Every structure is written in C-alpha cells, then in structure tokens.
Amino acid sequence: MPSLKLRLPSTPPPGWPSEDRGRLHHESVTARLGSAVGIAFGICFVTGVLSHYQSHPWAWLPPPATPAGGYRFTQGLHVITGFASIPLLLAKLWSVQHKLAQWPPVRSVLHALERASVAVLIATALVQLTTGILNTLQYYPFKWPFASVHYGMAWVVIGALLLHIAVQLPVIRRGLATKLDGPLVDEHGLTRRGAVTGVGVGVGIVGLTTVGQVVGPLAKVALLAPRRPDRAPQQHLPVNRTAAAANVRKTAVSADYRLTVRGTSTRTLTVAQIEAMPAQTRDLSIACVEGWSRGATWTGPSLLDIVAMVGGTADSVVTISSLEKGGFSRSTITAGQLKEALLATHLHGERLTLDHGYPLRLIAPDRKGELQTKWVDTVVVSNV
Ligand SMILES: Nc1nc2c(c(=O)[nH]1)N[C@H]1C(S)=C(S)[C@@H](COP(=O)(O)O)O[C@H]1N2
Ligand SMILES: [Mo]
C-alpha cells in the first residue's frame, strides 16, 4: 500500500504566519462554542426538513395537522436559531483562527481530505446562514432558487458537520471536560470563561430581539425581526403579498366573481351564497416560512361542507386555486388538515380586507403560510 503521508519541511517557509495565539483560542472555549453551533445547526436542520416536507409531502405520510400551531413553533424556532447561529458560528471560527497558520498545513492525504471537508463545512454554513437571513428580508441578490438550494445545501452542511464532530470527538471531549471557573475578567483581560459568557449573552440578545416575531408580548423588542407583527398594517395581522402585487384588485371585487367547486359535479357560488352558508369560527395562525407568525380568529364555511357539495369527503385530495396567477396561487390540502380547514370570509369578526384575501381565503391548522391561499376562486376535489 502506498504511503499516504506527505513529506513537507519541518519548519514553515519564511513569512508564514505564527501559530501563536492568545489564551482565549483554546479547545475549552472552542468545544463549548462548537457544541452550541452543533445544537443550533441540528435544530435548524430538523425544523428545516419539516418545513420542506410541508411544501413537498411524501405520498405515504399525511401532512401534519396537530397541534394547530405546530408549524408556527417549528418554523419560528428555525429562523430564530438561524439568526442566533450567526454570532455563534463567527465566535467559533474566531476561536480556531490560529489553525489557518498550522504547520504543516497537511500531514497526509487523509488530513488533507479532513481539512477540505472543514472548508466545505465553513463555506456552506456561511452561505446557508447569509442567504437564509436575506430570505427573511425577502431580498434575493443571488440568481439561484432559494428554497431548493437552501434545502440541498442543508444536507451538505449536516453531513460535513457530522464528519467534523466524528473526527474531533476526542478534542471536543477534552475541551468540554476542562473546567472554566474563576472570574470573567482578570488582570490580563477577558478570561476563557468571560469569552464564553460574552458570546452567550450576545446570542441571548439576538434571540430576544427576534423571538417577538412569534411571541406577541415580545413584539415591541423584536428589533432584529424582519417583520414586526405589532406593526401589523391590517386587522392585527401582517400582510405578506398585497392584492395590488398579486394583480387581483379588480377581479376580487368584481360582480362576476364566482367560486367554482369541481368534483363529481360542478357548482358555482356567489359571495352572497358563500356568506349564507353555515359559518364556523376557529383560532388558527398564519406562520410564514420567513419566521413571523400570528394567531388570528377566522370565520367562514368549512371547506369540508364545500367539497361535500360535489361528493368530496374528509379523505379527499383538494386543490385550491387563487384569482392570482403564479406565485403561491395554488395549494393542495388533504387528510387531517382538511377536517379543520375554513374558506374564511372574516378575520377577527370583520370582513377580510382585500390584502388578506377577500372574498375568500384558505386557512387550516399546522400549515405553512404560503399554503394558506388567498383570493380563492376554484376548489377541485380530485379523488371522488
Ligand atoms: N394567492 C396567494 N396566497 C397567498 C400568498 C400569495 O402570495 N398569493 N402568500 C402566502 C404567504 S407566503 C403567507 S405567509 C400568507 C400570509 O397571509 P396574510 O398576507 O393574510 O397575512 O398568505 C399566503 N397566501
Ligand atoms: Mo409566507
């Protein structure tokens, strides 16, 4: 077997940076920050896969329906953890920056591969966090489709992370076993304990100024949250896409508006006919993939009553389409979510505003915001 060892001079070339480091760049600090990054990335990964599943369900597994606020919780956690990961990851990278000056840079083929996998981990993690945060701002300076790249890259990040943990396990163990006691600051400045505590406080502040986009009472300090739910423009609920942006301002209020329901037969209903149907009132939240969410009280006919008009049942697969073309103008609803779904005409007891989906919008439990279709004009029951 050929030797996989690489032979490099034992001393670095002139000008090579020194690997000397201050006392803070120590495995006891790195292991703690790294563990926190690992936990944060783990949460982001699992909640992210759940979010992806809402948009691309597997045929054999029905979409979640309970608890009603499930997606609100998991996606809120996803985005807040993502925000908090930025200072955490930067601090973690800072704590190991001296490794860039390591001599020899590579000792063997295996070591080269290991360092390359760390480079992949750092690069993909930084791209993932940056583009994720830009997405919460609905700002897309990059050309690629955000959702599919974010999802695909998540597997690369998590794979490279697991490999990194496996390789570094002895160092992580040793670092965590080293106690950090004593003061936060001493005569030489910040101590290791002080550095870890400082990063913890920073991360706490990021969390506290973001969590208000999910937790109502903290909305006032949600300074970092891209969407402040307390600054809701309409009916105590933020508007994602306006009727003007969706180009439905005329069609939504037109006297020609009809809801078309297709199944074993086809029915068309006017707004007056829909509003004359028995209505139900439910507390269900809008939970956007961007992380903001808000609970609200909705009223309108049950979707099940409407699909029953054309032979549908609680087991039907129902496709809802909007007057809008493109974008989030169509969604499918099945099984558990269908039982609780409304085609809402009212929000908090008032008629829906045009921007919230007048005359009719879908609202169902534990469902991603982009699947809560506004300005609904067609309901198709496909398995009757
Ligand atoms: N037709 C249509 N429905 C839509 C959207 C859209 O762009 N078009 N946006 C969705 C998204 S991303 C969210 S988060 C919710 C927001 O609902 P709201 O604007 O009433 O708060 O509506 C959803 N329904
Ligand atoms: Mo959304």
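Just follow the structure's listing: the first ligand is 1, and inside any ligand the first atom is 1. Treat the numbers as computed from the prediction; the structure is a model and nothing was measured.
- Ring-centre distance between W375 and Y358: not below the 6.0 Å cut-off.
- The distance between the ring centers of H25 and W94 falls below 6.0 angstrom.
- Between the side chain of R193 and the main chain of V185, no donor-acceptor pair closer than 3.5 Å is present.
- A heavy-atom distance below 4.5 Å is found between the side chains of Q213 and V79.
- The closest side-chain heavy-atom distance from R330 to T373 is not below 4.5 Å.
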Audit row: R241, E324, salt bridge (Lys or Arg N to Asp or Glu O under 4.0 Å) steps and yes/no: CA-CA 11 Å; R241 190 167 165 80; E324 185 192 358; 2.9 Å; yes

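- Contacts of ligand 1 (protein heavy-atom distance under 4.0 Å) are L237, P238, V239, N240, R241, I286, C288, W292, S322, E324, F328, H356, R361, G369, E370, Q372, T373, K374, W375.
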